[in-house]
Q: 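Next up is a structure, given as structure tokens.
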2 protein chains.
Amino acid sequence: MVKREKDQTTEERILKAAKQVFVRKGMAGARMQDIADEAGINKALVHYYFRNKEKLFGVIFMEAANKLFPKINEIFTAELPLFEKIERFCVEYITVVIENPYLPLFVLNEINQDPEYFLQKVWSGRSRPQPEKFLQQIEREIKKGTIKRISPLQLLLNLISLTIFPFVAKPMFQKNLGLDELQFRSIMEQRKKEIPKFIIDAIKK
Amino acid sequence: MVKREKDQTTEERILKAAKQVFVRKGMAGARMQDIADEAGINKALVHYYFRNKEKLFGVIFMEAANKLFPKINEIFTAELPLFEKIERFCVEYITVVIENPYLPLFVLNEINQDPEYFLQKVWSGRSRPQPEKFLQQIEREIKKGTIKRISPLQLLLNLISLTIFPFVAKPMFQKNLGLDELQFRSIMEQRKKEIPKFIIDAIKK
DNA sequence: ATATAATTTAACCAAATGGTTAACAAAAGT
DNA sequence: ACTTTTGTTAACCATTTGGTTAAATTATAT
């Protein structure tokens with residue numbers, strides 16, 4: 001009795017399996033056979049649909065990148081008051097990542113392995129992040145005197161670090177602090193409000 | 001003309017090469033041949049000194065882990081006022097990592113690939129982190145009224161996230177913000193003072 | 001029904017890769 | 001001097017792995 005999900009096309013099954021295997025083991029550690037097994041099909045079928053490992057990996061990587069990067073850029077370019085922007089970024093970002101907790105480490109690791117591939121593949125399609133606008137907005141708030149003097153770049157690093165890192169270090173934190181899935185999830189939920197509060201307390205005058 | 005560093009034993013050359021290759025490509029992506037080439041020796045020599053890939057990897061991984069984890073624990077267990085602890089943690093930790101910027105991602109990634117190996121190998125030697133003391137210290141400060149009400153665990157996550165994440169995401173940040181090595185380094189130097197200031201501003205009453 | 005196209009599989013292949021062996025060279029011990 | 005131990009190498013081996021092929025099966029069209 002093979003447990004094939006019904007109403008799922010073969011291509012979908014392969015993609016689902018590939019995501020599982022690639023995200024868990026990385027490009028180098030993933031095996032085409034593992035992907036085929038996970039999908040419950042013959043290995044040659046994987047090649048039939050996606051030609052080779054690199055192509056299949058490209059699809060999965062782009063899927064992951066497209067789940068993570070546009071959200072960041074949205075915030076950068078949105079027309080919103082600074083504090084509200086920070087709040088919305090945390091809530092929306094954590095909401096996405098909480099359902100895919102292993103994506104950030106996967107993407108960061110693959111970028112690290114081959115930054116050029118990343119640069120070319122991820123941003124050839126015009127969605128190149130433009131943090132300038134966000135940085136300028138911070139400078140404006142400083143001049144207005146609504147927030148303390150702080151390097152806009154440092155503030156940006158802080159915001160992203162606080163939001164993403166706990167997911168990157170999820171297994172470490174869980175082992176170190178003895179947290180099960182539910183506890184971890186709950187703590188991340190808390191952070192949706194905790195991070196904005198923390199940041200705003202730090203910069204508000 | 002083979003460029004062998006003088007006064008370096010073969011074993012040292014292998015370890016240095018292995019570190020380079022493992023940290024850059026990860027356990028799965030590293031090739032014994034690459035390590036031999038990087039060390040400028042025959043592949044069999046690598047096996048002569050370290051038997052197999054897993055053993056050699058173990059040495060490199062432990063070396064990396066021992067550079068990163070004890071520092072964290074030191075701060076947890078030290079007898080210091082909270083604010084001073086935070087300051088010293090940032091300064092000391094960034095000082096270490098700035099010279100080995102790729103270690104955190106390497107270690108986190110390998111932990112992610114096999115959390116059990118990590119648990120057993122890294123903490124079998126009694127240096128298991130004990131964050132309890134640090135968390136209690138935070139609670140005490142809250143009751144004393146010197147800092148705002150905040151979940152001690154969240155504050156701990158914030159401290160570590162702010163300190164480590166920029167290194168984990170180094171290639172991404174560099175590509176995104178167009179930073180060369182010197183600029184990146186300089187920004188990390190700034191963070192030694194920026195992070196404590198940011199945190200203390202956020203929690204001080 | 002039957003031809004045609006799309007899908008799926010078992011068997012196979014070549015290259016890559018971790019690891020071994022046997023011979024050789026250098027150092028150290030006697 | 002020569003024996004033994006240690007270090008080093010080229011050649012080799014077995015397994016893994018990405019990828020191919022040809023045949024079989026299923027779906028689609030006529």
Q: Let's see if you can work this out: which of C/dA6, D/dT8, C/dT21 has an atom nearest to the side-chain heavy atoms of A/Tyr48?
A: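 Given the options C/dA6, D/dT8, C/dT21, the side chain of A/Tyr48 is closest to C/dA6.
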Q: Could you tell me how far apart A/Ile14 (CD1) and C/dT7 (P) are, to the nearest whole angstrom?
A: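 Computing the A/Ile14:CD1 to C/dT7:P distance gives 11 Å.
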Q: Specify the separation, in whole Å, of atom CZ of B/Arg13 and atom C1' of D/dT8.
A: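 Going from CZ in B/Arg13 over to C1' in D/dT8 covers 11 Å.
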Q: Please work out which of the three classes, parallel, tilted or perpendicular, describes the rings of B/Phe57 and B/Tyr117, given edges at 30° and 60°.
A: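 B/Tyr117 and B/Phe57: tilted rings.
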Q: Under 6.0 Å between the ring centres of A/Phe69 and A/Phe118?
A: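 Distance test on ring centres: under 6.0 Å, yes.
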Q: Report yes if the distance between the aromatic ring centroids of B/Tyr93 and B/Phe89 is under 6.0 Å, otherwise no.
A: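 Under 6.0 Å, so yes.
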Q: Roughly how many Å is it from CZ in A/Phe50 to P in C/dT7, rounded to a whole number?
A: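 So the two atoms are 12 Å apart, to the nearest Å.
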Q: Does A/Tyr49 reach a base, just sugar-phosphate, or nothing at all? Heavy atoms under 4.0 Å.
A: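 Result for A/Tyr49 = sugar-phosphate.
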Q: Categorize A/Ala30 for me: base, sugar-phosphate, or nothing, with a 4.0 angstrom heavy-atom threshold over every strand shown.
A: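 Contact class for A/Ala30: sugar-phosphate only.
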Q: Output the single nucleotide from C/dG19, D/dG18, C/dT9 whose closest atom is nearest the side chain of A/His47.
A: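 My answer, after comparing the listed nucleotides, is D/dG18.
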Q: Can you tell whether the side chains of A/Glu79 and A/Lys133 come within less than 4.0 Å, N to carboxylate O?
A: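 A salt bridge links A/Glu79 with A/Lys133.
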Q: Under 3.5 Å, is there a donor-acceptor pair between the side chain of B/Asp180 and the main chain of B/Gln183?
A: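 Yes; judged by distance alone, with no hydrogens or angles, the pair exists.
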Q: According to a strict under-4.0 Å criterion, is A/Thr10 in side-chain N/O contact with OP1 or OP2 of C/dT8?
A: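 Indeed, a polar side-chain atom of A/Thr10 lies that close.
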Q: A/Met27 CE to D/dT17 P: how many Å, rounded?
A: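 Result: 14 Å.
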Q: Could a donor-acceptor pair under 3.5 angstrom be found where the side chain of A/Lys43 meets the base of D/dG19?
A: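 For A/Lys43, whose side chain was compared with the base of D/dG19, there is a donor-acceptor pair (under 3.5 Å).
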Q: Can you identify which nucleotide, out of D/dT9, C/dG18, C/dA10, has its nearest atom closest to the B/Met32 side chain?
A: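 Of D/dT9, C/dG18, C/dA10, C/dG18 is nearest to the side chain of B/Met32.
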Q: Round to the nearest Å and state the distance from A/Lys53 atom NZ to C/dA16 atom P.
A: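 It is 14 Å, rounded to the nearest whole Å.
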Q: Atom CD of B/Gln33 to atom P of C/dA16: distance rounded to whole Å?
A: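 Going from CD in B/Gln33 over to P in C/dA16 covers 12 Å.
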Q: Measure CG/B/Leu45 against P/C/dG19 and give the value in whole Å, please.
A: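 About 15 Å, once rounded to whole Å.
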Q: Where each residue is assigned the nucleotide of DNA chain D containing its nearest heavy atom, which of A/Asn42 and B/Ala44 is assigned the position nearer the 5′ end?
A: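 That would be B/Ala44.
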Q: How is A/Asn52 classified with respect to the nucleic acid when contacts are heavy atoms under 4.0 Å: base, sugar-phosphate, or nothing?
A: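 Contact class for A/Asn52: sugar-phosphate only.
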Q: Can you identify which nucleotide, out of D/dG18, C/dG18, D/dT9, has its nearest atom closest to the B/Arg31 side chain?
A: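 Out of D/dG18, C/dG18, D/dT9, the nucleotide with an atom closest to B/Arg31's side chain is C/dG18.
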